[in-house]
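Just so it is clear, the structure is predicted and the values come from calculations on it, not from any experiment. In what follows, chains are A, B, ... by sequence order, proteins preceding strands, each numbered from 1.
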Amino acid sequence: MAKETQQKDYKETLNLPRTPFPMRAKLPAREPEILAGWKEKRLYERLRADRQGRTRYVLHDGPPYANNHIHLGTAVDKIQKDMIVRSRSMMGFDAPYVPGWDCHGMPIEIYVQREFRERGEEPGLAELRRRCREFAGEWVAIQRGEFERLGGWGAWDDPYLTMSKDYEADIVETFADLVEKGFIYRGLRPIHWCVSCQTALAEAEIEYDDKDSPSITVVMGVLEDPNQVFAGAEPAGVLIWTTTPWTIPANRAVVVHPELEYAIVETDRGHLLYAHGRHEALAGLFEHAEVVRTLPGSELEGLVFSHPLEERPSPLFVADHVTLEEGTGVVHTAPGHGAEDFAVGREYDLEIYNPVQRDGVFVDTTPRYAGRHIWETNEQIVDDLDRAGRLIAREDVTHSYPHCWRCQNPVIFRATVQWFLAIEHDQLRQRALGAIDDVEWIPSSTINRIRTMVEQRPDWCLSRQRAWGIGIPAVYCEACDEPLFDVAFVRHVAELVRREGADFWFVAPIEAIVPEGTSCQHCGPDATSFRREVEILDVWFDSGSSQRAVLERREDLAWPADMYKEGPDQHRGWFNSSLMLAVATRDAAPYRTVLTHGWMVDAQGRAMHKSRGNVIAPDQITEKRGADILRLWTAANDFTRDGRFSWEAIDQVSEAYRRIRNTFRFLLGNLADFDPEKDAVPLAELLDFDRWAIGDLERLATEVREAYERFEFHAVYQLLVNYCTVNLSAIYLDGIKVRLYIQPAGGTERRSAQTALHTILDTLVRLAAPVLPFTTDEVWTTSDANQSDSVHLEEFRPAQPERIDAALEADWRTILRARQAVTRELEGLREGKVIGSSLGAQVEVSAEDPAEQGILEHHATALEEAFIVSAVQVRPPEVMSGVEPVEEGFRVVVEPSPDEKCDRCWRYREDVGHSPEHPGLCAECTAILSS
RNA sequence: GGGCCUGUAGCUCAGUCUGGUUAGAGCGCACGCCUGAUAAGCGUGAGGUCGGUGGUUCAACUCCACCCAGGCCCA
């Protein structure tokens, strides 16, 4: 009993760690408070002010779409962006972050329309747009809160919105530049069209449903056969197949696949051409059918057939979209009625012929079928083909077919006049490809993607038949129906939009839009009566204009941006649209570096889909574990690959987080009485172990900074976790505990260790700050040694090469290897229950290698601490020759100490009990207590 | 179906470009220790036919071909 009391007394004489920094983070509760603190102190704004005049690093945010809660992918993207911005800021750059939102576009419009419809209302255009604007604004507010919760900081109070007046005006300005430079033209293009609602439909407005259609196989006679493919046989022709007989009048070509085998088949209907692979399915249509020759599609070029119902040629071309799944392997092509047909038509300069009016009735000039509705003519056309001897087979099929989501009627493809940006004009494509080479693409392989996209992209169809967007700034002459193509007018519209907003275009009287005195360029000065274009610009034009509306306009930003960073889908989207608009209007890419991150997938590596039920919302993680955990997990993943989400991975990261947190806690606890100004020991006077630790820290700091520079956050994660776990917790911190606890608080030995601890804390908290902004802020606030308001106003400590002593490092490499041998031997004693704590042991050691033996001897006094044992004797090798060397090249004898355990320092010492005043203590502790 | 990309221990990552001894780390796991970082800390150990098959080579995780699984974008 007396002994216990005395022990307790001795514990009071130790310098044990103490800190208010809690072991348990309680991040979900704590983080919102920290966030509020940042806002209150206006830290982001202060950082901006502090960094004024520094080299700028502009990460330009790609605007997410404002119509839903953020998902894991957007959360991870924003976190990565934040880690980039924070790390560049800590490197000393002026690194602003201006978040943005994409506000116009169909998903919002469709949602809002449905809202009205469910209430039985039919809103006017102005009302619809008003509600869309309101709706987008609501989601911007929600997403802003969700993003901020992740710890991302930036100009959240002053973001950019594609629906703000200034932004909208800059979209129109961009359009004006394109008109001025001659990039804009009008042309035909097939789009989904509902003849019942008489409106264009977007992909999202189409529902696939079963439809009954006539399925017909038709022969088209040979008109020209320059290469004697049919060897002069008569009659001869090609078999085509379709389920839309009404498109036969618009036939302008037939298409084969260049690499498929085609067959000339002798039948009772003559020599017929079709894909060899369809022979089995088609031969039954004839009384006899015998393949007389086969040849690849590429050798069929040059053939010209005749239109099935008219005296007009229908040439054969090759294209890759042909398949053998159905039909004849030869595709009836009507460029005005299908996307692929259109592409072929464009490639071979065919007429984009669409004889169908908006109501589904053939135009007056249509041969045979003028004035008739397409669905009525289907049977008539089949009959006509039969009478003309062209029909080989007919059956009725039920197949999946696109229907209008409003009226449920089948829809058609119909070529209509659209606005385009000409990709070949002024060598835009070539210049864009050149600009791509001037950009750094991370990872480097992603350049292939953007290059292919730009090489292959067709002219950009800019117009959309929708309501929620920027009206295309054009007016049509009431007399001749031609658009007014005038840059001055477009710029005038831009000014109107800047003043009044884009809604003005749709609601203002036409006189308020067209300046007085404007007249038609075709009809002359008397033609002053106009109607406005009601179609809107593709929303990719909106976001693609951000380089002008945001990078150029905002004083805190700059053109071009240092970095664009988005997912792989943006090679087709934003990276692409931004590039085309920038090269067209500014003759250079709007970015210096483009970083593409991987996609967020589930634990099995599969994409997240609502229907699959594997979607994870970020707030599930922040509410359970906290944003810093989500951030650390984000950092841990190599973002050039897809990020696999699993709770197991989150658990793992949570463990790593606890390790980092406890390391900080230990550092803080042992620095409670340390004032670096007064107590720090100069580098040269530090104990070797401490000097080694600072050198080791310096190595780490360099590697971490380099990893940040390369945006390799997963390397940062691995480095920090390994450092905290191995270098600090297992080796250094564990080793210096005895010294920290037992030596006089203000003594050099303890101050030496504390100097190292303080250096480590000061460096580490900065290195971890971009990844763990909440936790590091908490560490910073807890530490007495820091005067500034936040670690996030600080910079990384610059490299300090003087901290690295190569010779000392080499020595410690040897010592740590010897330590490895010792700990292994200690484990043997533990297994035999001979010792518990390693302090219960004493060690004899010698090295095989004379140089290493010299090192051990030189550092003999440091070995107790390094090995965490009560006594170490470095023996001459010859004395140890009876001991088997362990694999590290050391001979080690570990045995329980024969001495008494000191009640204070817990080491076993032969001098315990020499003082009558402190019979349970060793001489050193006795001396410390008496001073 | 096409283009581009990814695939190393249960998890997160090194190593592959410039082929060459028993493929490394941390976490997790198992077992043990400590009880002066304690809802902490320390030690020891077991885990991998490097997605698969075939090829080149004296030698392949590393180079080549094909295949499989997955991702993005198209069709």
Side-chain angles (χ1 to χ4, degrees), chain A residues 7-8 10-19 21 23-24 257 319-325 339-340 343 443 445-453 455-457 567-573 576 596 598-608 632-633 635-638 640-644 646-659 661-670 712 714-715 717-726 729-731 733-735 737-738 740-742 820 822-831 833 835-840 868 904-906:
Chain A
Q7 271 184 5
K8 213 168 233 169
Y10 288 130
K11 184 170 177 178
E12 307 286 306
T13 71
L14 299 173
N15 315 296
L16 294 177
R18 55 192 155 82
T19 174
F21 188 80
M23 187 147 75
R24 305 197 59 196
H257 196 290
D320 289 337
H321 67 267
V322 179
T323 71
L324 291 178
E325 274 157 40
E340 290 145 353
S445 60
T446 55
I447 193 174
N448 297 329
R449 251 182 116 88
I450 189 75
R451 207 181 259 151
T452 311
M453 291 292 178
E455 275 167 1
Q456 295 178 357
R457 72 161 300 158
D569 52 332
Q570 299 306 329
H571 286 265
R572 180 165 205 83
N576 198 315
T596 309
W599 209 252
M600 295 313 308
V601 296
D602 69 12
Q604 282 70 45
R606 295 188 313 181
M608 292 189 176
L632 194 58
W633 173 78
N637 285 282
D638 175 355
T640 65
R641 310 178 200 172
D642 288 346
R644 290 195 178 205
S646 69
W647 284 104
E648 187 188 357
I650 292 288
D651 285 344
Q652 184 201 166
V653 160
S654 303
E655 290 299 315
Y657 173 82
R658 281 174 44 203
R659 176 54 62 105
R661 185 177 180 87
N662 273 318
T663 301
F664 277 127
R665 184 163 181 270
F666 185 84
L667 295 171
L668 288 168
N670 284 291
E712 289 172 358
H714 65 285
Y717 169 83
Q718 303 265 346
L719 285 165
L720 290 180
V721 173
N722 273 353
Y723 179 72
C724 288
T725 304
V726 180
S729 194
I731 297 174
L733 301 184
D734 210 27
K737 272 181 200 168
V738 171
L740 281 172
Y741 297 168
I742 73 159
Q820 184 72 44
V822 169
T823 49
R824 205 162 290 163
E825 295 298 309
L826 284 170
E827 188 61 15
L829 288 193
R830 277 200 202 95
E831 268 168 29
K833 303 286 178 196
I835 60 161
S837 162
S838 60
L839 285 177
I868 320 181
R904 182 165 177 275
C905 69
W906 291 356

Seminar exercise, completed: When Asn448(A) and Arg658(A) are each assigned the nearest nucleotide of RNA chain B, the 5'-most assignment goes to Asn448(A)
So which protein N/O to nucleotides 16-18 of chain B N/O distances come out below 3.5 Å?
none

For this session: Scan nucleotides 68-75 of chain B nucleotide by nucleotide, 5' to 3', and note B when protein non-hydrogen atoms come under 4.0 Å of the base, S if they reach only the sugar-phosphate, - if neither.
Result: --SBBSSS
Exercise. In chain order, what residues pass the side-chain hydrogen bond (donor to acceptor under 3.5 Å, both in side chains) check against Arg457(A), with sequence neighbours excluded?
Worked result: Asn576(A)
For this session: Using the test salt bridge (charged side-chain N to carboxylate O under 4.0 Å, His left out), find all partners of Glu825(A) that sit at least two apart in sequence or belong to another chain.
Result: none
Exercise. Among all residues two or more places apart in sequence or in another chain, which pass the side-chain hydrogen bond (donor to acceptor under 3.5 Å, both in side chains) test with Gln652(A)?
Worked result: none
Exercise. Quick one: side chain to side chain contact (heavy atoms under 4.5 Å, CB included) partners of Glu455(A), sequence neighbours excluded?
Worked result: Leu433(A), Arg451(A)
For this session: Would you please name every residue forming a salt bridge (charged side-chain N to carboxylate O under 4.0 Å, His left out) with Asp569(A), sequence neighbours left out?
Result: none
Problem set entry | With sequence neighbours excluded, residues passing side-chain hydrogen bond (donor to acceptor under 3.5 Å, both in side chains) with Tyr657(A) | Arg661(A), Thr775(A)
For this session: Going 5' to 3' through nucleotides 22-30 of chain B, assign each nucleotide B (protein heavy atom under 4.0 Å from a base atom), S (under 4.0 Å only from sugar-phosphate atoms) or - (no protein heavy atom that close).
Result: ---BBBS--
Exercise. Residues two or more places apart in sequence or in another chain: which of them pass side-chain hydrogen bond (donor to acceptor under 3.5 Å, both in side chains) with Glu655(A)?
Worked result: Arg658(A)
Pull out every protein N or O sitting under 3.5 Å from an N or O of nucleotides 32-35 of chain B, one pair per line with the distance.
from, atom 1, to, atom 2, distance (Å)
G32(B), O3', Lys833(A), NZ, 3.3
C33(B), OP1, Lys833(A), NZ, 2.5
C33(B), O2', Arg830(A), NE, 3.2
C33(B), O2', Gly836(A), O, 2.8

Problem set entry | side chain to side chain contact (heavy atoms under 4.5 Å, CB included) involving Arg641(A) - partner list, sequence neighbours excluded | Asp638(A)
